[in-house]
Structure formats: C-alpha cells, structure tokens
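Chain letters run A, B, ... following the sequence lines, proteins first, then strands; residues in each count from 1.
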Amino acid sequence: MKLPPSFYQSSDVVAISRNLLGKYLFTNIAGELTGGMIVETEAYNGAVDKASHAYGNKNTPRTQTMFMEGGIAYVYLCYGIHHLFNVVTSVAGEPHAVLIRAIVPTNGLDVMLLRKKMTKLKPNLTAGPGSVAKALGIDRSLNAFSLQSTEVWIEDRGIEIHPDDISAVPRIGVAYAAEDALLPYRFYVKGNQYVSKPNK
DNA sequence: TGAAGGATGATCT
DNA sequence: GATCATCCTTCAA
C-alpha cells in the first residue's frame, strides 16, 4: 500500500507529479491519523528550474534536504506563516521536489477541523499548500523525514485518474522565475472542489 | 549584524 | 480585489 522508495527515485519529476494525483497522503502526529487524496501538485525540476529553491545547485542549510535521496519530506516555512510540504524525488545529488498543493480530506476530519479552528467542513480545509500542511499537522520538525516512516507517508489505494481529467498549467506564485514560470508543471484533477483557487 | 523578500491564506471592502 | 499577518533564509557588509 505504501508507495515504495523506487516510486520516488525516478528522475522524471514531472511524471511523478502527475502520478501522485489520486494517491493518499497521511500523517500520524501525536497519535492522530489524518490525510486524504492528492488532487493538486507542482513539480520543481532541480538545478535547471529557476522557480526551485535549488536552482543552480544552490545548496544551503534549508535546501540540503532537496539534495537527499528521493522518498523523503521537504518542509519549509513560506511568508513566515505557512508550512509547505514537498516530496523529494530522484537520486541523491539531484534536487527534485513535488509540492503537494491540495488533498480531498478522508481521514481524521475532526482533528483537521480543530487544527484549522474550523467548525464545519468546507473545501478550504485542505485547498492550497499552506492549508494542507496545517490540516495534517505538518511543520518543519518533519523536514527530511522518510516517507516510509510512521509519521508521514503516501499510499496507493488503486485510484486511477484518467489523463483526460488532469490539467497541466503554469505554477502559482513563481512569477520571479522568468521563462520557467510559464512551464506547465502544475497538475490538478479537473473539477475537484478542493483544488486551490487560482485558474481552476 | 542587518535588511529584504518570499512555492500563501484569511479577512475585509 | 486589496491588504496584512509574521518570521525564516539568504546574502551582503
């Protein structure tokens, strides 16, 4: 059920981003199981991608996680407020990552609502990368955790997303990346209400 | 040692 | 649609 390490070690980060749609992301933090089905991702293509933190093989205390072997979590703080959860892919030394932008919540709804201080289920519970991390209780203490661990992992539950139901569009919030901002590296399940808002 | 700037989201008009 | 919350990372002196 858990995706094996080999799933993450392909050098085709764009294909992995596509394949992650329909997979299930779970966390088990402090005994609370939460998670859901991935419906939106973005690929960050390592050293040659101007939108990537590791563009030009920039290796810093923050980005060194991206240079590790595929199959671990890369978590960092954005705008001083939001934790963003990424999956590191490819082999050690090649800094590929997939940002998980939205999931359909399936497990631990009550816990996720509590974490976001919400009383009623609405799509914004897990729409958008900051929301996903907050609902799942993810913060930087999970950075570099293995996705084979008992705290955070991804499962294949046999869901197949038909290629016609997947849209590929430019990524969000990376206007600074010049021509790379136009690459169709954002993937989402068409019509799903949990996909984050911009150009749905 | 310091300053600038984010892979965003909630809230208000 | 505009604003703002809020803080770590990075790079320059």
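Of the options A/Lys190, A/Arg18, A/Arg171, A/Arg101, a salt bridge (charged side-chain N to carboxylate O under 4.0 Å, His left out) to A/Glu40 is made by A/Arg101 and by none of the others. Evaluated for a side chain to side chain contact (heavy atoms under 4.5 Å, CB included) with A/Thr126, the options A/Val104, A/Ile103, A/Leu136 yield exactly one hit, A/Ile103. Checking each of A/Ile172, A/Val169, A/Ile100 against A/Glu42 for a side chain to side chain contact (heavy atoms under 4.5 Å, CB included) leaves exactly one that passes, namely A/Ile172.
By the 4.5 Å heavy-atom criterion applied to side chains, A/Thr106 and A/Tyr24 are counted as neighbours.
From A/Leu147, atom CG reaches atom CG of A/Leu142 across 10.0 Å, with rounding to the nearest 0.5 Å. Once rounded to the nearest 0.5 Å, the distance linking CG of A/Asn86 with CG of A/Leu99 reads 5.0 Å. Atom CZ of A/Arg62 sits about 4.0 Å away from atom NE2 of A/His53, to the nearest 0.5 Å.
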Just the dot-bracket of DNA chain C, please: which string comes out with Watson-Crick or G-U pairs under 3.5 Å, [ ] for crossing, | for another strand? |||||.||||||.

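Linking ILVMFWY side-chain heavy atoms closer than 4.5 Å, directly or via other members, places A/Met66 and A/Val174 in a single hydrophobic cluster. Under the 4.5 Å side-chain heavy-atom criterion for Ile, Leu, Val, Met, Phe, Trp and Tyr, A/Val75 and A/Ile154 are members of the same hydrophobic cluster.
Running 5' to 3' along DNA chain C, contacts with non-hydrogen atoms of chain A at under 4.0 Å begin and end at C/dA5 to C/dC11.
Backbone-only contact: A/Lys58 has heavy atoms under 4.0 Å from sugar-phosphate atoms and none from a base.
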Counting primed atoms, P, OP1 and OP2 as sugar-phosphate and everything else as base, the B/S/- map of nucleotides 4-13 of chain B against protein heavy atoms under 4.0 Å is --BBBSS---

Determine, step by step, whether A/Thr63 and A/Lys58 satisfy the side-chain hydrogen bond (donor to acceptor under 3.5 Å, both in side chains) criterion, reporting the C-alpha distance in whole Å, the side-chain angles of both residues, the deciding distance to 0.1 Å, and the verdict. CA-CA 7 Å; A/Thr63 63; A/Lys58 190 168 72 171; over 6 Å; no

